[in-house]
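See structure below.
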Number of protein chains: 2
Amino acid sequence: MAETVIKHDGRDYTEDQLFYLINEIKDYQIVHGSLIKGIQFETESSVPSRPVGASILPTPFPRSSFEEACELQQAFNELYMRASSDPDWLYSILEPLMGHDDLFAALWETYIKVRGAGVAQNAVCAIFRSDYMLHKMSNDEEVSLKQVEMNTFSCAGACHADRIAAMQHHLARVKAPEAITKLGRSKNTQSIVNLLKTAHETYKTNATSDIPKCVLITVQPFNFNIADERPIEHGLWDAGVPCYRCEWQNIRDRTILTEDRTLLFRPPIGIVELEVSVVYHRAGYEIEEYDDQGREARLRLEMSRAIKCPDILTHLTGFKSVQQALIQEGAVERFLPPDEAAKVRKTFMPMQILDTQAAGLEARKTALDPERAVNYILKPNLEGGGHNVYRSDIAEFLKLRPQEEWHKYVLMRLIEPPPSTGTIVMPEALYHGAVVSELGILGTCLWQRRSGAGGELEIKHNEVVGWTFKTKPAGVDEMSVVKGYGVFDCPLLVD
Amino acid sequence: MAETVIKHDGRDYTEDQLFYLINEIKDYQIVHGSLIKGIQFETESSVPSRPVGASILPTPFPRSSFEEACELQQAFNELYMRASSDPDWLYSILEPLMGHDDLFAALWETYIKVRGAGVAQNAVCAIFRSDYMLHKMSNDEEVSLKQVEMNTFSCAGACHADRIAAMQHHLARVKAPEAITKLGRSKNTQSIVNLLKTAHETYKTNATSDIPKCVLITVQPFNFNIADERPIEHGLWDAGVPCYRCEWQNIRDRTILTEDRTLLFRPPIGIVELEVSVVYHRAGYEIEEYDDQGREARLRLEMSRAIKCPDILTHLTGFKSVQQALIQEGAVERFLPPDEAAKVRKTFMPMQILDTQAAGLEARKTALDPERAVNYILKPNLEGGGHNVYRSDIAEFLKLRPQEEWHKYVLMRLIEPPPSTGTIVMPEALYHGAVVSELGILGTCLWQRRSGAGGELEIKHNEVVGWTFKTKPAGVDEMSVVKGYGVFDCPLLVD
């Protein structure tokens, strides 16, 4: 960094001032729990934690694109609520994956069993996060907002985003109060609490027993990201809703499904037995979780009368194949009115599953040609991200796999963000330079399926609640803050 | 611990349940910043932190003693406000220390210079913490509340106490909701913010310049206890009061004293210059801080028109010699009406400075006799604690020092707490067994000295705001949570 003076939003910052800010940030993160739990160093009585990666100065983002993304979210919420309520359509999209994707197979098999027994709960709730990047192919083109993916299950980052936004607001008070109106505000945590409370109360309205009710959060063991989950749990208690966590592998032992499909939970302490009103999933998205015990656990939850946040059908809509299918002509239009569909469609990037249909075969050619592949990204159909292959690496990656497995991947046109400069704290050092940001818009939904599994539905709640904003050095392909590839950030909205 | 079942407040806890609670506690502490910063492992971009020691189950404490301590605090506040406003009395008490105690000498010298120049600010504010333990000498005696010491400068623990209280309230919701009414509530942080804001506004009322005003917190460098300070700083900003920290060694460079005794502060970032309304000390209590630069810094702050929280005279009332002097006949009665004085006096334990007066010589005999010394503790006159010598160690300790230095110590009758059982997280392991708790009652004060240094004063603010509650294994003499000798706790008030 040397003695460089950085210019940011009309102010100069010396190196000393950036280090002053880093110290303020470290302390802010410590006292506000903006941390990653160091589970690898955990002892019986103690455990260290470290600040999650954060921006030092908020990264600029066009206000119009930010507002466009927020305005789109209700349509996206509705699109995915409706897609999840159309199992025949979903099956037609996902069926080709059956033999190729173990996670899809495990989930679909569970769904079929539940449908066979009759769906006991028609209300579903969900927290969606639609991720976007800015796209600008050449100088003569306008910057546009493009969807990276839609997350429909166990969306992370909501609590982290709230704290980093609050931190950047605090720093603005100290260093540049005039910038406060440009900083996005975020109330994700409280909004998620409100959704789960609404679902809890919906359940209670129709409940007949006098067993105390609770929200149950399924969580992964050895969890380093508790700071993104615990605030929701504590927030529910503060809102008068008992809430317990259960690690995925303990669900079988700690829950009971009664004859009338009531789900009971036996917490390790306190009350002997509670009736679960809402199951909120923060686990169950990795194939490793679906051994025999894991399948039995998911089936039990899904069979129950508890409202799932979300249920399996909604979980399935997060597969890349669904995103790819929605791009096809008429697909969005199946679920949304024409004007809404057109707005949503504007954010789509070309995307093609590598199947053996004509378009799939054409995409395979592109993927295998390192020169043409330079504008592409290969994504597995699994939700969650993190296993992407980029550009000229795609050909080699595919060649190492049998062609029958290419089906499992989707080839997507790379989003090409316009140049942007950021100043962020990376795990090893301060970074100032070219960056890429990703904006996630969070939506909360609660809907009632008419016939348990038909396409008809009644929307009870459809809200845009907030955002996550992540920034990484431009040279880094993967975006995963908790793994150290980027930072949580707050958009500085520029007109 | 084996398979032991612990009984606590009418419920049984298995070992598994205690470990479940410890995990809940770790996570609660991480997401609420109930942490110690691991400054020894700090890097440019990151720093680890660990949960501060905490009780697993709230330790029982008699409600009547808790309430007695709270009720006493206004009288103690007034006693110390008045003692600090009587410099002649203070000097008569402390003068014998002049040659022996470098810290007292440095502070007194500063005060004399300020008095010589004329005191520029008659308003003073302070945060006091009166510490108590329960005392029960034998079976035929009632349990009574005895004062350990009065802290008048840079009182710590207020923010930690708030979070541990909130944590025990949260755990009670989960495990034993019927106990919630027995748990003390604490709002220390907000009350301290309110006091400093009131002082800030008092200053502004009389200010003539239009330079923006701020509260300045003096802090120590390499500070591992930021989680006990930062919430006050952030709380002030939230209350609309700009607040900056300045490390003790940087005060000289970052402040300017104008001709009219206005204190200006130049923060490292943002606004170029602010006028300091209130100086809140969280540094300046160790002799090592009073090198030439440190003396100059303290003198500059003390000379200024800023309201000090607290000023030097109030700082001096925290010396053990003052506590010892107040025990003498007529001393409390000099400052408080007889009924108030009597209540305060009930909490005093016998205490004698080891001087060469008759009583001092008698105390020396006790101290040097290991058999008689078994009921005594030797304390240096310095505020802050941490250098105490216990029981039969006292004789050897004194013999290693020249008799001219014995003056620097006070011999105090040991408080003997009745047996109590606690379950706490120590740095190395879970501890269940005999414990001793210390209750600190926090008071906030703002007063106006009539003539700058006379005994006359007008009390503007005298409040009891909350408490700290610390518990340690009975075998450990020292009580310092941040050093790992005990834990922050929440009293379970028993009738």
Side-chain angles (χ1 to χ4, degrees), chain A residues 11 13-14 16-17 19-24 26-38 41-51 53 159 170-171 173-177 223 226-227 229-231 233-234 237-238 242-245 267-271 425-431, chain B residues 11 13-14 16-17 19-24 26-38 41-51 53 159 170-171 173-177 223 226-227 229-231 233-234 237-238 242-245 267-271 425-431:
Chain A
R11 285 183 178 251
Y13 294 89
T14 64
D16 280 354
Q17 288 178 326
F19 282 110
Y20 174 79
L21 285 178
I22 292 179
N23 282 324
E24 294 295 296
K26 282 174 184 166
D27 282 8
Y28 189 96
Q29 292 191 270
I30 291 171
V31 299
H32 290 84
S34 174
L35 301 166
I36 299 292
K37 184 175 172 183
F41 307 109
E42 183 160 12
T43 65
E44 201 175 278
S45 59
S46 191
V47 62
S49 47
R50 65 166 176 83
C159 304
H170 172 66
L171 294 180
R173 298 191 291 207
V174 176
K175 68 181 170 63
N223 189 338
I226 54 118
E229 297 171 0
R230 290 286 192 179
E233 175 191 348
H234 298 144
W237 280 101
D238 288 343
C243 175
Y244 294 83
R245 291 157 68 88
I269 208 162
I271 290 176
V425 187
M426 293 292 284
E428 298 309 316
L430 183 157
Y431 173 86
Chain B
R11 284 184 180 250
Y13 295 90
T14 65
D16 280 353
Q17 290 179 326
F19 282 110
Y20 174 80
L21 285 177
I22 292 180
N23 282 323
E24 294 296 297
K26 282 174 183 167
D27 281 8
Y28 190 97
Q29 291 193 270
I30 290 172
V31 299
H32 290 85
S34 175
L35 300 167
I36 298 292
K37 184 175 173 184
F41 306 110
E42 184 161 13
T43 66
E44 202 174 277
S45 59
S46 192
V47 63
S49 46
R50 65 164 176 84
C159 303
H170 173 64
L171 294 181
R173 298 191 291 206
V174 176
K175 68 180 171 64
N223 189 337
I226 55 118
E229 298 171 0
R230 290 284 192 178
E233 175 192 350
H234 299 145
W237 280 101
D238 288 344
C243 174
Y244 295 83
R245 291 157 69 88
I269 207 161
I271 289 175
V425 187
M426 293 292 283
E428 298 309 316
L430 185 157
Y431 172 86

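Order of the sequence lines fixes the chain letters, A, B, ..., with proteins taken first and strands second; residue numbering starts at 1 for each chain.
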Quick one: are B:Leu35 and A:Leu35 in side-chain contact, heavy atoms under 4.5 Å? yes
Heavy-atom pair with the smallest gap, counting every atom of B:Val174 and A:Trp237: CG2-CZ2, 3.6 Å
Residue A:Asn23 versus chain B: region with a heavy atom under 4.5 Å: both
Contact origin within A:Pro242 toward chain B - heavy atom pairs under 4.5 Å: neither
B:His32 vs A:His234 aromatic rings, parallel, tilted or perpendicular, using cut-offs 30° and 60°? tilted
If I measure from the heavy atoms of chain B, does A:Ile36 come under 4.5 Å with its side chain, its backbone, both, or neither? neither
Would you say the side chain of A:Val47 lies within less than 4.5 Å of the side chain of B:Ile30, judging by non-hydrogen atoms? yes
Best-contacting candidate, A:Gly33, A:Ser49, A:Pro48, A:Ser46, against chain B by heavy atom pairs under 4.5 angstrom: A:Ser49
So what's closer than 4.5 Å to chain B heavy atoms on A:Ala227: side chain, backbone, both or neither? both
For chain B, the option from A:Glu233, A:Glu229, A:Lys26 that forms the most heavy-atom pairs under 4.5 Å: A:Lys26
Turns out that what part of B:Arg173 lies under 4.5 Å from chain A's heavy atoms comes down to both
Which atoms of B:Val425 approach chain A - backbone, side chain, both or neither, heavy atom under 4.5 Å: side chain
Does the side chain of B:Glu44 reach to within under 4.5 Å of the side chain of A:Ile22, using non-hydrogen atoms? no
Most contacts with chain B, counted as non-hydrogen pairs under 4.5 angstrom, among A:Met426, A:Glu42, A:Arg245: A:Glu42
Which region of A:Tyr28, side chain (C-beta onward) or backbone (N, CA, C, O), has a non-hydrogen atom less than 4.5 Å from a non-hydrogen atom of chain B, or is it both or neither? both
Is it the backbone or the side chain of A:Gln29 that comes under 4.5 Å from a heavy atom of chain B, or both, or neither? neither
Drop me the distance from B:Ile269's CD1 to A:Lys175's NZ, to the nearest 0.5 angstrom. 7.0 Å
For the candidates B:Gly270, B:Ala429, B:Ser45, B:Gly53, which exhibits the highest count of non-hydrogen atom pairs separated by less than 4.5 Å from chain A? B:Ser45
With a 4.5 angstrom heavy-atom cut-off, is it the side chain or the backbone of A:Asp238 that approaches chain B, or both, or neither? both
